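Accompanying notes for the structure given below.
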There are 2 protein chains.
Amino acid sequence: MSLRHALLGLLAGGPGSGYDLLRKFEISLANVWPATQSQVYTELSRLAATGLIEVTAEGPRGRKEYAITDEGRAELRHWVLEVPPQQRRRNDLLLRVFFLDTVDPAEAREFLLRSRDQVAELRDGLRKVRESVDWGDDSLSVYGTLALEWGLRYATMHVEWAEWAIGRLPGK
Amino acid sequence: MSLRHALLGLLAGGPGSGYDLLRKFEISLANVWPATQSQVYTELSRLAATGLIEVTAEGPRGRKEYAITDEGRAELRHWVLEVPPQQRRRNDLLLRVFFLDTVDPAEAREFLLRSRDQVAELRDGLRKVRESVDWGDDSLSVYGTLALEWGLRYATMHVEWAEWAIGRLPGK
DNA sequence: TGTGTCATGTAACTGGTTACATGATTCT
DNA sequence: AGAATCATGTAACCAGTTACATGACACA
């Protein structure tokens, strides 16, 4: 149940409404932990009900501003440091690779090429983000950069792997 | 809904019972698409009900052997080649990295060290698999090796990233 | 005879997605 | 006046996890 912790993490950086948080998900967490509108609002209600966050202000259009509580901070800290991250990750692309023996080599080759191109595009997008954002040395930037760099290395790895894999395909 | 396709893919390699398939999940698909016992049996029933697989034999202890049908092969092929793989992948480790600014640098450092060690272990396990299995040049081995190599490159990337990241942490 | 493995099934729950539904405020 | 954006909520559904439940067969 990490959506709960993603919300706590964002609120640890300052109070905000569901709407605010939703935009933060789209901007900064899109590639790490996407969330839908309905999910955010229902989880915020639940978090408020259990006392991990609280409503600190109400604005126009029924806007509710939430802030993290001490209990919430404790829960966030516990999750970050003590709950072991998932190691077994599902990968539906790799699952397809496993079954490429059911199509012919030319089709397998196209599949790998497409996958290379898609990830190369992602990589280029991330590079642009790195260049466009001015990275100060405040703590949030430091850790944001670490995550971005992981994404860049991941994408580079995948592109290189795909090219290597194409070279190993059985000839027709 | 990829469990369905994982089952179809496994059955494309030959018929088997739920129990057989469950073991195949544990051996070959554990790092790519883990599945639980209850999930496998319910999905097999559903697949049989929709005609993508069929019961070809019944053995002792209520054992049912399933085989993929032509319809099933068509569905598998469609999924492999035409359904675009998920690009946005959730990563709860990276989500934690994002919020490492809420703990102190020494704790962040420990977090990254632990993560490096865990993935290094995974990498060593994969290396052993690569050495222990004798990889012929049959098509199944070819594609199995591609997936394994992806895992190795992934793990190597992560270990290097973690070490790089530790070096970038703010001093106490 | 009793332990281990083979073998299947179902129920309750959790997390996430899609779709539906509503309405206030701001800006042009 | 109308469009865009701000803002929230709920219902139905799908995928996956945990736990419960049962029993046949093989082997020592």
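Chain letters run A, B, ... following the sequence lines, proteins first and then strands; every chain starts at 1. Treat the numbers as computed from the prediction; the structure is a model and nothing was measured.
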Rounded to the Å, how far apart are Tyr66(A) OH and dA7(D) P?
13 Å
Please determine whether a side-chain nitrogen of the Lys or Arg among Arg23(A) and Glu26(A) lies less than 4.0 Å from a carboxylate oxygen of the Asp or Glu.
no
On DNA chain C, more 5' by nearest nucleotide between Arg61(A) and Gln37(A) is Gln37(A)
Answer yes or no: does a side-chain N or O of Arg63(A) lie under 4.0 Å from OP1 or OP2 of dA7(D)?
yes
Quick one: does Trp161(A)'s side chain have a donor or acceptor within less than 3.5 Å of a partner on Leu146(B)'s backbone?
yes
Please find the earliest and latest nucleotides of DNA chain C, in the 5' to 3' direction, that have an atom within less than 4.0 Å of any heavy atom of chain B.
dT5(C) to dT17(C)
Are any protein N/O atoms closer than 3.5 Å to N/O atoms in nucleotides 14-16 of chain D? If there are, list each pair with its distance.
| unit_1 | atom_1 | unit_2 | atom_2 | d |
| --- | --- | --- | --- | --- |
| dG16(D) | OP2 | Gln39(B) | NE2 | 3.2 |
| dG16(D) | O5' | Gln39(B) | NE2 | 3.3 |
| dG16(D) | O3' | Arg90(A) | NH2 | 2.8 |

Cation-pi, Trp79(B) ring and Arg4(B) (6.0 angstrom, 45 degrees):
no
Expected output: side-chain Arg96(B) to main-chain Leu81(A) donor-acceptor under 3.5 Å
no
Using only atom types and a distance under 3.5 Å, with no angle test, would you say the side chain of Gln118(A) pairs donor to acceptor with the backbone of Ser115(A)?
no
Between the side chains of Arg127(A) and Glu131(A), is the shortest nitrogen-to-carboxylate-oxygen separation below 4.0 Å, so that they form an ion pair?
no
Applying side chain to side chain contact (heavy atoms under 4.5 Å, CB included) to Ser45(B) and not counting sequence neighbours gives none
Inter-residue atom distance Glu65(B).CD - Arg63(B).CZ, 0.5 Å rounding:
5.5 Å
